[in-house]
Engineer: 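Starting off with a structure, shown below.
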Amino acid sequence: EPVSGGRANVVIQPEPPSLMVGLVQNGPTQMVAGNIYEGLLRYDTDLEPMPQLAKSWEVSEDGLTYTFKLHDNVKWHDGEPFTSADVVFSADKFLRETHARLRTSLEHVESITAPDEATVVFKLKQPFGPFMGIFEVGTMPMIPKHIYEGTDYENNPANNTPIGTGPFKFEEWVKGSHIRLVRNEDYYEKGLPYLDEIYWHVIPDAASRAVAYETGVVDILPGGSVENFDVQRIAAMDNTCITDKGWEYFGPHSWMWLNNREGPTADKRFRQAVMYAMDREFAKSALWNDLGKIAHSPVSSSTRFFTDDVNKYDHDPEKAKALLDEMGYDGETVRLLPLPYGETWQRWAEAVKQNLGEVGINVEIVATDVAGWNQKLAEWDYDMAFTYLYQYGDPALGVARNYISSNIAKGSQWNNVEGYENPKVDELFAQAAVAVTKEERQQLYTEVQQILTEDVPVAWLLELGFPTIYRCNVKDLVTTAIGVNDGFKDAYIEE
Amino acid sequence: MLRFILMRLGKAAIILIAILILNFFLIHAAPGDPAAVMAGEAGAADEKFIADLRARFGLDKPLLTQLGIYLGGVLQFDLGFSYRQQMPVADLIFSRLPATLLLTMTAFVISLLLGTLAGVLASARVGKWSDTLISTLALLFYATPLFWAALMAVLLFSVTLNWLPGFGYETVGANYTGFRRVLDIGQHLILPATTLGLFFMAVYMRMTRASMLEVSQLDFVKTARAKGLRSGIIQRRHIFRNAMLPVVTLAGLQAGQLVGGAVLTETVFAWPGIGRLMFEALAQRDYNVLLGVFFVSSAMVLLFNLITDVLYRFVDPRIRVG
Amino acid sequence: MSDPVLRIENLRIALPEGADRDYAVDDVSFELNAGEILCIVGESGSGKSMSANAMMGLLPDLVRPVGGSILFDGVDLLTLSEAQLLDLRGRRIAMIFQEPMSALNPLMRVEDQIAEVFEAHNLLTAKERSARAIALLTEVGIPDPEKAARAYPFQLSGGQRQRVMIAMALALEPEILIADEPTTALDVTTQAQILELIRNLQEKHGMAVMFITHDFGVVAEIADRVAVMQYGRIVETGSADAVLDDPQHDYTRKLIAAIPKLATDREQDAIGRQKVLEVEGLSKTYVTGGGLFGGNKRVVKAVQNVSLTLAEGETLGIVGESGSGKSSVGRCLVRLMAPDAGTVRLAGQDMAKLSGRALREARKSIQMIFQDPYASLNPRSKVGRIIAEGPMAHGVPKAEAYARAVELLELVDLDALSIDRYPHEFSGGQRQRIGIARALALEPRVIIADEAVSALDVSIQAQVLDLLADLKEKLNLALIFITHDLRVAAQICDRIAVMQMGEVVEMGPARAIFENPQNAYTRTLIEAIPGREKELAAAG
Amino acid sequence: MADFWKRFSRNRGAVIGVVILVIVLVVAILAPVLFQQSPWRMVQRPFLAPFDMPSHPLGTDALGRDVLTGLAYGAQVSLLVGLVSTGAALLIGIPVGALAGYFGGWADDALMRFTEFFQTVPSFALAIVLVAIFQPSIYSIVAAIAIVSWPPVARLVRGEVLSLRSREYVEAAILSGQTSGTIILRQVLPNTISPIIVLASLMVATAILLESSLSFLGLGDPNLMSWGYMIGAARTVIRQAWWLSFFPGVAILLTVLALNLIGEGLNDALNPRLARKGK
Ligand SMILES: Nc1ncnc2c1ncn2[C@@H]1O[C@H](COP(=O)(O)OP(=O)(O)OP(=O)(O)O)[C@@H](O)[C@H]1O
Ligand SMILES: Nc1ncnc2c1ncn2[C@@H]1O[C@H](COP(=O)(O)OP(=O)(O)OP(=O)(O)O)[C@@H](O)[C@H]1O
Ligand SMILES: [Mg+2]
Ligand SMILES: [Mg+2]
């Protein structure tokens with residue numbers, strides 16, 4: 001039985017640049033802001049929509065009109081009422097301007113209107129399969145119109161004291177130390193939230209974060225807070241629970257970009273050899289604590305329309321060598337960019353270098369920091385590069401972008417960075433996005449996955465598992481497909 | 001004296017500006033920029049997004065124009081705005097500075113006191129086992145990599161023994177006030193300050209010992225003995241004071257360097273100081289913050305040099321002030 | 001003569017392993033009588049300081065007495081504990097150390113350092129102590145004693161510092177005063193003052209004084225008795241007159257013979273010869289401190305409007321007290337330093353107009369012998385190279401330059417094999433000769449010898465002076481001889497220029513200067529020459 | 001020279017230092033012979049404890065790489081970085097110091113302001129920035145260490161030269177017509193060699209520490225196994241595998257210690273004052 005009161009001590013890492021999730025969408029911002037801001041919907045762990053600010057919704061037969069009914073009595077943290085005008089402002093004006101990822105999805109939208117205070121209607125230009133999947137708080141957070149309309153969004157002073165509708169209010173932020181949120185007494189769902197306050201502890205060092213948990217300073221370690229090597233040890237502690245749920249919406253999928261344009265990586269046989277050469281089982285067990293899964297396809301198994309029916313690459317150095325012999329690889333050195341996000345990734349790059357070395361591929365690891373890595377990818381200045389991306393529940397949102405040729409452009413590391421071009425793949429993705437029925441979509445996506453696994457435009461690694469670790473007496477911490485990012489609305493601490 | 005100080009301040013200002021200019025170009029020579037980093041973290045971005053960011057930060061202007069704008073600001077005591085943290089750099093730095101100063105000054109004072117004390121003891125017992133012990137310890141401290149010592153200290157004292165907090169500045173959320181808070185911060189301070197201090201302690205110890213021994217060879221010590229003075233008085237009044245002169249110089253140099261020199265300690269102990277701020281700003285290419293930190297720590301170095309010089313002039317009457 | 005207050009019997013002091021001999025002091029016996037000054041003379045390293053230190057119980061580490069006794073008041077000082085010695089030191093036996101520059105604590109006011117003597121023996125109150133300090137400073141004749149008391153040692157001149165040392169030593173009116181070469185570092189005028197002071201105080205307090213020196217002039221001035229040391233032994237003792245006038249031991253005789261005589265027997269014969277060097281209105285002001293960004297400046301007018309001429313084959317002496325600008329003149333002449341004003345013509349050529357190659361060429365004909373024979377030789381070069389380097393820099397082939405070096409070494413009476421040795425393998429006198437050989441290597445017409453013999457003890461000094469005189473004859477060199485030792489000047493110079501505070505106050509033939517000084521300053525200088533009266537008395 | 005060795009070898013610490021350093025040197029040079037496998041090769045299961053398996057006496061790391069092999073190859077990197085960066089720092093510092101000290105005046109002023117400028121920027125921070133900016137590689141690391149460590153050399157050399165240049169043997173050389181260049185090279189610099197050697201030995205030690213600190217922060221050359229890298233990498237697993245950071249830590253400590261002992265020994269042996277005492 002849920003009880004009220006108590007405080008959650010959570011690790012946040014790195015320190016977010018800002019909590020205004022409409023302007024900044026990086027991981028830590030989303031994690032904290034999910035308590036302050038809200039979207040129209042939430043998604044359960046099967047990615048089915050759940051009410052949030054919208055208490056109900058309807059989709060027209062032709063899949064072109066989406067009507068949302070809003071919750072009553074919702075107030076912004078400053079006391080102003082939340083209305084459909086806020087929704088229209090947020091989606092149509094504010095986020096269109098500031099939210100690059102949402103902007104792409106909104107291209108399918110013809111109009112957003114508010115027939116009355118409590119109703120919002122989205123009209124699409126053509127059917128868009130994943131449309132119901134873009135309403136969670138990280139993708140489409142609601143922004144207070146009365147504060148932002150007509151202002152310079154970026155420099156609005158309110159950015160420092162974010163105002164949302166969420167279960168917790170912003171209270172204090174001591175830079176370099178902690179962020180404190182307190183219970184929103186006027187929250188529209190009666191009795192919620194249970195917690196009095198949340199402390200987000202900024203602890204920049206992974207080892208210190210582990211110590212913080214062990215010494216009882218923090219009680220919740222969101223996924224990725226501690227190095228994988230520490231997970232097992234910490235999970236074995238008394239009163240400690242661990243869950244890998246709460247990442248279904250993101251489906252973090254890791255791979256190595258392989259530069260399809262030039263060098264040995266331009267050869268399909270080389271890319272296949274890379275797949276065979278890598279010992280992903282070893283990486284998974286030695287580096288990822290056996291969490292996560294081997295990625296056999298461009299689509300994560302938690303994302304819709306995943307198929308298992310593809311060409312699989314098991315660790316097989318002999319095959320790799322044969323492929324290399326066949327293509328006549330001359331030992332040319334390939335540059336490998338590790339992901340500059342901590343020790344695990346560094347080790348992984350070293351392991352891959354070693355794996356590839358064993359089949360005769362000469363790898364040179366190029367060290368970069370985050371800025372350099374971003375720039376090198378955006379400018380296509382690499383041979384192989386680690387990365388992981390989110391899939392947002394639907395191949396049309398989080399998969400197609402990396403393989404379709406219209407997405408080959410410098411300046412971004414989320415598009416088709418590898419430079420893979422296949423008209424057939426382009427066409428299949430295009431059809432699948434606007435196909436109306438699930439069956440139709442599944443068929444198209446299966447075909448695309450089969451083609452891609454044959455061509456190996458990138459070398460898939462793992463579907464990453466980012467377990468959340470917490471004291472077992474913290475209940476209902478992870479209830480939705482975005483886990484901790486969805487705020488601690490339902491969480492409570494058992495005596 | 002005033003004239004001397006003013007002169008030195010003027011000189012310092014010129015050096016500072018030179019440092020700023022060099023750092024400016026240095027830092028901008030790095031691949032990537034804050035827009036790239038922020039775009040990288042955003043989870044999605046396109047050309048427009050990045051172009052917007054750049055325009056917002058003024059990064060689309062020619063480099064020299066940016067430099068001009070920056071220097072113009074600095075001359076008006078404005079260190080610019082942090083792209084990343086969305087707040088004025090000066091605020092950011094001054095919010096972090098106290099933590100660093102607390103850490104480094106504690107380490108500095110501990111190491112100076114204990115180091116000179118140990119040095120004096122060792123020099124008084126030169127050749128005996130206690131001298132050997134102190135000198136050996138000092139050498140060990142000197143040779144131990146700081147970050148390694150820090151790791152081992154955390155492992156031992158906070159993890160295994162659970163005596164002391166292993167990271168952070170204070171118990172966040174405990175909301176202690178008054179003396180309780182001081183105590184709390186004090187507890188957090190022990191490990192980082194000690195590990196940071198160990199190295200300097202060794203430095204001071206070795207320096208004091210050598211200096212004491214050297215001074216004790218000087219003629220005026222013989223004079224003092226010829227007067228019939230007791231050796232304790234000779235040690236204190238004649239040898240120690242003279243032996244301290246080089247130590248003061250060194251202490252001044254290090255007091256300044258401490259501000260920027262605590263990066264490792266702050267990283268290992270998650271101390272919310274300026275060194276860590278610098279390291280993070282570097283990773284994020286938060287140019288203004290980086291420049292600001294360099295500016296402040298260089299200013300500190302210059303300030304401490306000045307203080308040492310002034311002090312020196314008090315300690316040593318031979319250096320006269322015009 | 002009264003009873004001995006202190007008796008040293010068969011004292012033997014061992015040196016640590018690797019020293020130049022086993023015993024610093026070997027079987028030495030002598031006594032000190034109340035109201036008497038005993039001078040200990042002897043060559044450098046003969047064990048004078050060691051004997052003195054042993055009496056204070058202040059031998060250096062590793063050096064320890066191994067035999068004999070030092071009887072004071074019936075007890076053997078060598079057997080006393082440190083605590084017992086503390087009580088004696090300063091109170092009953094006091095010592096003045098050789099180096100006034102470093103014998104005072106630089107960070108402590110003079111007054112406090114004197115007061116410490118009382119403090120050490122728990123005498124007087126703090127207030128009385130400082131009063132006594134000022135009284136003592138007055139007694140040793142420091143001008144403005146109140147102010148001097150508040151001064152730090154660096155604010156005092158060398159002579160004043162030496163007096164502070166004396167004041168400290170005399171503070172408790174000890175029975176025995178040991179003075180270890182207390183005047184070596186001082187110029188003659190100051191030296192004379194200090195000797196006078198010690199003599200007076202000794203008479204007034206009836207102390208026994210042990211005075212260590214290597215300067216026979218000083219001995220003649222103040223000694224009642226003399227002990228001569230060589231290689232750690234006393235080779236001769238006796239009353240001052242006996243030892244000076246009728247030395248018995250060979251070594252003593254050698255020493256005394258080597259003392260330069262004050263009388264000059266040279267006739268001025270330079271008139272009419274070709275002038276090689278003409279100096280007019282030379283001035284040099286040092287400004288130190290300051291820099292790009294300013295700073296505090298110190299201005300010293302080291303040379304003011306100095307004019308000189310030097311003829312071929314002539315020797316011009318420049319004398320004057322320390323700091324009067326002698327070296328500065330020398331350095332301007334060879335243009336190691338550019339003068340602020342004035343011209344230096346070398347064989348008619350204006351040196352100031354030269355630079356680079358031309359300057360290097362011109363310098364061939366004017367060379368310098370440096371003051372410190374050791375400091376002027378690169379410790380890391382072999383002697384052959386040191387000498388040959390000059391000619392080689394002027395294009396002489398290596399083999400030829402080395403051959404010439406050998407010749408020069410032979411000329412200055414050194415072995416040809418010396419070219420392969422390093423400077424530290426030579427004695428002081430030998431090094432001085434290497435310096436001379438180097439100066440000669442470029443076959444100059446003028447040599448400037450800056451205090452070329454001041455660092456040498458009298459016997460070696462005599463050797464070098466002879467050598468210079470010899471070479472001058474042979475090579476028809478013109479010589480500028482800078483010194484503060486008037487005896488030396490008297491012996492070697494044709495003409496003498498007397499400098500004071502950067503100015504030449506008097507210049508003329510040597511004999512005229514010594515016998516009939518015109519300038520007041522010259523007169524004080526000459527009167528201050530130690531041992532002069534005795535010599536005059538002997539002569540007259 | 002024999003004299004020097006005699007004095008040096010009388011210092012027990014210095015001899016110990018030399019012994020340690022020679023061992024480290026030998027291991028570094030013979031690493032490819034002693035351990036033919038690459039230090040990156042994953043040879044056993046991860047986290048093998050020390051002494052569990054005779055073939056891997058110091059255990060294995062998170063990827064199953066042999067720690068002992070890593071230490072041996074790490075010695076190469078540490079010594080290389082230490083020596084090369086010190087060499088480079090000397091190459092910058094000696095000329096700057098010598099020119100400033102010898103010519104004095106505005107040259108001195110300008111050069112010393114320049115030096116001061118580098119001393120004013122906190123050196124470790126500057127090293128971090130330099131390495132990060134030019135992207136971590138053995139070259140940028142060596143360069144960064146050299147850049148932050150030359151100023152003390154310049155100061156030292158300047159001080160020595162300043163006192164040497166007014167020595168009479170230098171003036172004698174001027175009078176004998178030698179050019180400034182010759183004088184600096186042949187008369188002045190040889191006489192500054194002792195303090196430079198002492199300083200250099202300590203700089204090698206500092207450079208090794210600096211490299212390891214940089215590696216620890218993840219700013220090492222990712223293709224070279226170094227001790228700092230090993231500690232940095234082991235940091236996250238320090239709780240389950242203490243030996244991974246312990247052994248390289250000890251290796252650094254010993255090497256730095258050895259260099260310091262040697263430096264002290266040199267200092268004593270080369271110090272003319274102490275030398276004179278010995279005679
Ligand atoms: N600290 C020391 N350790 C070893 N030997 C020493 C020490 N001091 C002096 N000696 C040696 O002891 C001998 C006597 O030295 P001492 O100082 O008594 O000579 P001195 O007659 O006073 O000479 P000077 O006139 O040069 O002062 C010399 O051979 C000298 O080298
Ligand atoms: N390089 C210098 N910079 C500043 N002042 C100097 C310098 N050299 C000499 N002086 C000062 O110039 C004055 C004259 O010095 P100089 O060396 O010519 O005297 P000197 O007659 O040779 O004395 P001494 O007999 O002691 O050698 C002194 O007051 C000295 O302090
Ligand atoms: Mg002596
Ligand atoms: Mg002189």
Side-chain angles (χ1 to χ4, degrees), chain B residues 11-12 14-16 18-19 22-23 26-31 132 135-136 138-140 142-149 151-152 154-155 159-160 199 202 206 210 214 217 253 256-264 267-268 274-275 278-279 282-283 285 290 293-294 297-302 305, chain D residues 13 17 113-114 116-135 152 202 205-206 208-219 227-228 231-232 234-235 238-239 242 245-246 248-261 264 267 273-274 277:
Chain B
K11 195 166 139 183
I14 297 175
I15 291 191
L16 275 180
I19 287 176
L22 183 93
N23 284 338
L26 198 63
I27 291 168
H28 281 82
T132 315
S135 302
T136 313
L139 255 177
L140 281 178
Y142 192 82
T144 312
L146 180 69
F147 54 92
W148 187 66
L151 285 183
M152 296 294 151
V154 175
L155 194 58
V159 176
T160 311
F199 175 80
R206 293 174 68 181
E214 188 162 335
Q217 300 291 318
L253 273 179
Q257 290 280 354
L258 279 172
V259 176
V263 184
L264 278 175
T267 307
V268 176
I274 206 172
M278 184 217 82
F279 196 52
L282 175 66
R285 297 291 186 278
L290 207 48
V293 171
F294 268 86
S297 45
S298 300
M300 282 294 193
V301 174
L302 291 171
N305 284 352
Chain D
R113 286 301 91 74
F114 182 66
E116 229 166 66
F117 170 84
F118 275 90
Q119 282 192 308
T120 304
V121 185
S123 60
F124 186 53
L126 181 61
I128 291 177
V129 170
L130 286 172
V131 173
I133 283 173
F134 297 106
Q135 307 290 308
L202 299 178
T206 319
I208 289 177
L209 283 178
L210 257 173
E211 189 277 332
S212 63
S213 303
L214 288 170
S215 288
F216 175 75
L217 286 176
L219 295 172
W227 293 337
I231 299 177
R235 170 154 178 244
I238 192 164
R239 312 290 296 286
W242 55 271
S245 26
F246 182 76
V250 170
I252 298 178
L253 195 154
L254 283 179
T255 312
V256 172
L257 189 69
L259 285 161
N260 269 292
L261 287 170
E264 273 184 8
N267 194 22
R273 195 165 8 188
L274 296 172
K277 213 178 182 181

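Keep in mind that the numbers below use all heavy atoms, side chains included, and drop hydrogens, waters and symmetry copies. Each chain gets a letter, A, B and so on, in the order its sequence line appears, and its residues count up from 1.
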Engineer: In the structure I gave you, are the side-chain heavy atoms of I128(D) and M278(B) within less than 4.5 Å of one another anywhere?
Structural biologist: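 When only atoms from C-beta onward are counted, M278(B) and I128(D) do touch, with a gap below 4.5 Å.
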Engineer: For residues A132(D) and R285(B), report the shortest heavy-atom separation together with the two atoms involved.
Structural biologist: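 The answer is O-NH2, 4.3 Å.
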Engineer: To the nearest 0.5 Å, what is the distance between CZ on R113(D) and CD1 on I14(B)?
Structural biologist: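 It comes to 9.5 Å.
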Engineer: For the atom pair CZ (F147(B)) and OG (S215(D)), what is the distance rounded to the nearest 0.5 Å?
Structural biologist: 8.0 Å
Engineer: Below 4.5 Å, heavy-atom pairs only: which of I15(B), L139(B), I27(B), I19(B) has the largest tally toward chain D?
Structural biologist: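 The answer is I19(B).
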Engineer: Please classify the contact of F279(B) with chain D as side chain, backbone, both or neither, using a heavy-atom distance under 4.5 Å.
Structural biologist: side chain
Engineer: Only pairs of heavy atoms separated by less than 4.5 Å count here; which of A12(B), A299(B), A210(B), S298(B) has the most with chain D?
Structural biologist: S298(B)
Engineer: Check each atom of L254(D) against the heavy atoms of chain B and say whether the ones under 4.5 Å are side chain, backbone, both or neither.
Structural biologist: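 Neither part.
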Engineer: Which of the residues L261(D), I252(D), T255(D) is involved in the greatest number of heavy-atom pairs with chain B at under 4.5 angstrom?
Structural biologist: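 Highest number of heavy-atom pairs under 4.5 Å: I252(D).
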Engineer: Indicate yes or no: at least one non-hydrogen side-chain atom of V121(D) is less than 4.5 angstrom from one of L22(B).
Structural biologist: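 The answer is no, as the side chains (C-beta and beyond) never meet within the 4.5 Å cut-off.
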Engineer: With under 30° as parallel and over 60° as perpendicular, where do the rings of F246(D) and W148(B) fit, or are they tilted in between?
Structural biologist: tilted
Engineer: In terms of heavy-atom pairs under 4.5 Å, which option from F117(D), F118(D), W227(D) contacts chain B the most?
Structural biologist: F117(D)
Engineer: Which region of L140(B), side chain (C-beta onward) or backbone (N, CA, C, O), has a non-hydrogen atom less than 4.5 Å from a non-hydrogen atom of chain D, or is it both or neither?
Structural biologist: both
Engineer: Which one wins on heavy-atom pair count under 4.5 Å against chain D: T267(B), V154(B), V268(B), T160(B)?
Structural biologist: V268(B)
Engineer: Less than 4.5 Å to any heavy atom of chain B: does that hold for the side chain of L219(D), its backbone, both, or neither?
Structural biologist: side chain
Engineer: Between Q119(D) and chain B, which part of the residue has a heavy atom less than 4.5 Å away: side chain, backbone, both or neither?
Structural biologist: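 Contact with chain B: backbone only.
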Engineer: Under 4.5 Å between any side-chain heavy atoms of L264(B) and F124(D), yes or no?
Structural biologist: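 Side chain of L264(B) against side chain of F124(D), heavy atoms only: contact under 4.5 Å found.
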Engineer: What's the spacing between F294(B) CZ and T120(D) OG1 if we round to 0.5 Å?
Structural biologist: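 Rounded to the nearest 0.5 Å, the CZ-OG1 separation comes to 12.0 Å.
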Engineer: Find the distance between CG (L282(B)) and CD1 (I133(D)) and round it off to the nearest 0.5 Å.
Structural biologist: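 Between L282(B) CG and I133(D) CD1, I get 6.5 Å after rounding to 0.5 Å.
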